[in-house]
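A short write-up of the structure that comes next.
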Amino acid sequence: MKLLVLGGTKNLGRHVVETALAAGHDVTLFNRGRTNPELFPGVHRLTGDRAAPDVLAGGEWDGVIDLSGFLVRDVSLSAAVLRDRCAHYTYMSSIAVYASKTHRGMTESAPLLPWPAGAPEDEFTMDLYGPSKVRCESLLSATFGDRTAAVRSGFVVGSYNPDFGNWGWALAHGGSMECAARPEQPVQYIDARDLANFLPHDGSNDGTFQLDNSRALAAGLRLRPGVEVARDYIAWLRAGNIPPEPPH
Ligand SMILES: NC(=O)c1ccc[n+]([C@@H]2O[C@H](COP(=O)([O-])OP(=O)(O)OC[C@H]3O[C@@H](n4cnc5c(N)ncnc54)[C@H](OP(=O)(O)O)[C@@H]3O)[C@@H](O)[C@H]2O)c1
């Protein structure tokens with residue numbers, strides 16, 4: 001599919017682009033060309049700043065993955081330009097959206113952070129990271145309806161990524177390991193490759209092997225366990241049999 005990646009050259013985004021290219025998607029990158037500009041030389045690029053995303057008005061995409069949306073103003077601008085130019089808009093959000101940091105086992109429906117009255121929509125501060133993600137999620141829902149999804153991640157780890165960096169560095173090169181004050185307190189993390197796989201997944205083949213066979217089962221179809229199917233087929237091959245060429 002035709003995929004527009006907003007960002008894509010630093011941490012998670014780099015994995016997303018690698019994964020999308022490996023899956024055969026037709027990728028376009030939109031960024032300022034400052035961060036690792038030597039990456040992905042064969043990939044189509046649109047150069048620009050999120051504060052003025054006019055260059056996006058020249059294309060159409062099946063999917064957008066927004067990895068660089070930190071400011072409400074920026075996401076609002078790209079939403080306006082892309083509303084009628086893409087089928088689906090995936091927004092990379094964060095667990096920083098949740099109002100509570102003490103409740104355990106929160107789900108996606110947990111209360112979200114409010115927007116602080118009078119806070120600027122065009123200036124990044126760490127205090128506004130969570131509230132901005134909340135506002136961006138909500139403005140994208142208002143713009144795209146069910147054509148948008150927000151993915152709220154915790155720590156993203158692995159190559160290209162800084163989190164776990166001091167532990168990884170100490171294990172790789174020696175040195176002291178910083179440890180949690182309370183060792184029983186868990187840390188949730190996700191490997192950037194797993195998250196990247198999840199983000200470019202287009203679902204276009206999801207139904208192929210999930211057909212409803214209840215009528216056949218009711219009519220008497222009996223299915224032997226998969227392990228028996230595999231074991232007998234391997235034994236058949238080992239006996240010197242050669243399967244026919246498709247079509248079959
Ligand atoms: N890392 C984590 O643990 C974690 C956890 C939860 C959520 N997230 C979210 O994951 C997302 C991914 O972050 P990432 O750093 O891995 O993404 P990335 O896509 O690898 O890197 C950021 C990209 O944004 C571009 N960019 C930055 N400022 C820009 C601007 N003003 N206009 C246009 N392009 C701009 C950069 O290129 P140029 O500099 O060349 O423009 C770069 O390509 C973020 O939204 C973050 O909130 C991360």
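Whatever order the structure lists them in is the order used to number ligands and atoms, beginning at 1. If you read the sequence from its start, that first residue is 1, and numbering goes on from there.
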* Asked: What pairs with D202 under side-chain contact (heavy atoms from CB on, under 4.5 Å), at least two apart in sequence or on another chain?
  -> M1, H25, S204

* Around atom CG of D206, are there more than 12 heavy atoms of other residues, nucleotides or ligands at under 6.0 Å? -> yes

All N/O donor-acceptor pairs, side-chain side in residues 129-137, below 3.5 Å, sequence neighbours left out:
| unit_1 | atom_1 | unit_2 | atom_2 | d |
| --- | --- | --- | --- | --- |
| S132 | OG | L128 | O | 2.7 |
| K133 | NZ | G69 | O | 3.1 |
| K133 | NZ | M92 | O | 2.9 |
| R135 | NH1 | E121 | OE2 | 3.4 |
| R135 | NH2 | E121 | OE2 | 2.3 |
| E137 | OE1 | R152 | NE | 3.4 |
| E137 | OE1 | R152 | NH2 | 2.7 |
| E137 | OE2 | S93 | OG | 2.6 |
| E137 | OE2 | R152 | NE | 2.9 |

* What residues sit with at least one heavy atom under 4.0 Å from ligand 1? -> G7, G8, T9, K10, N11, L12, G13, R14, N31, R32, G33, R34, T35, G48, D49, R50, L67, S68, F70, M92, S93, S94, Y129, K133, S153, G154, F155, V156, D163

* salt bridge (Lys or Arg N to Asp or Glu O under 4.0 Å) between D122 and R50, worked out -> CA-CA 11 Å; D122 56 355; R50 293 215 46 154; over 6 Å; no

* Asked: Would you say E108 has more than 12 foreign heavy atoms packed within less than 6.0 Å of its CD?
  -> no

* Members besides L221 in its Ile/Leu/Val/Met/Phe/Trp/Tyr cluster (side-chain heavy atoms under 4.5 Å) -> L217, L223

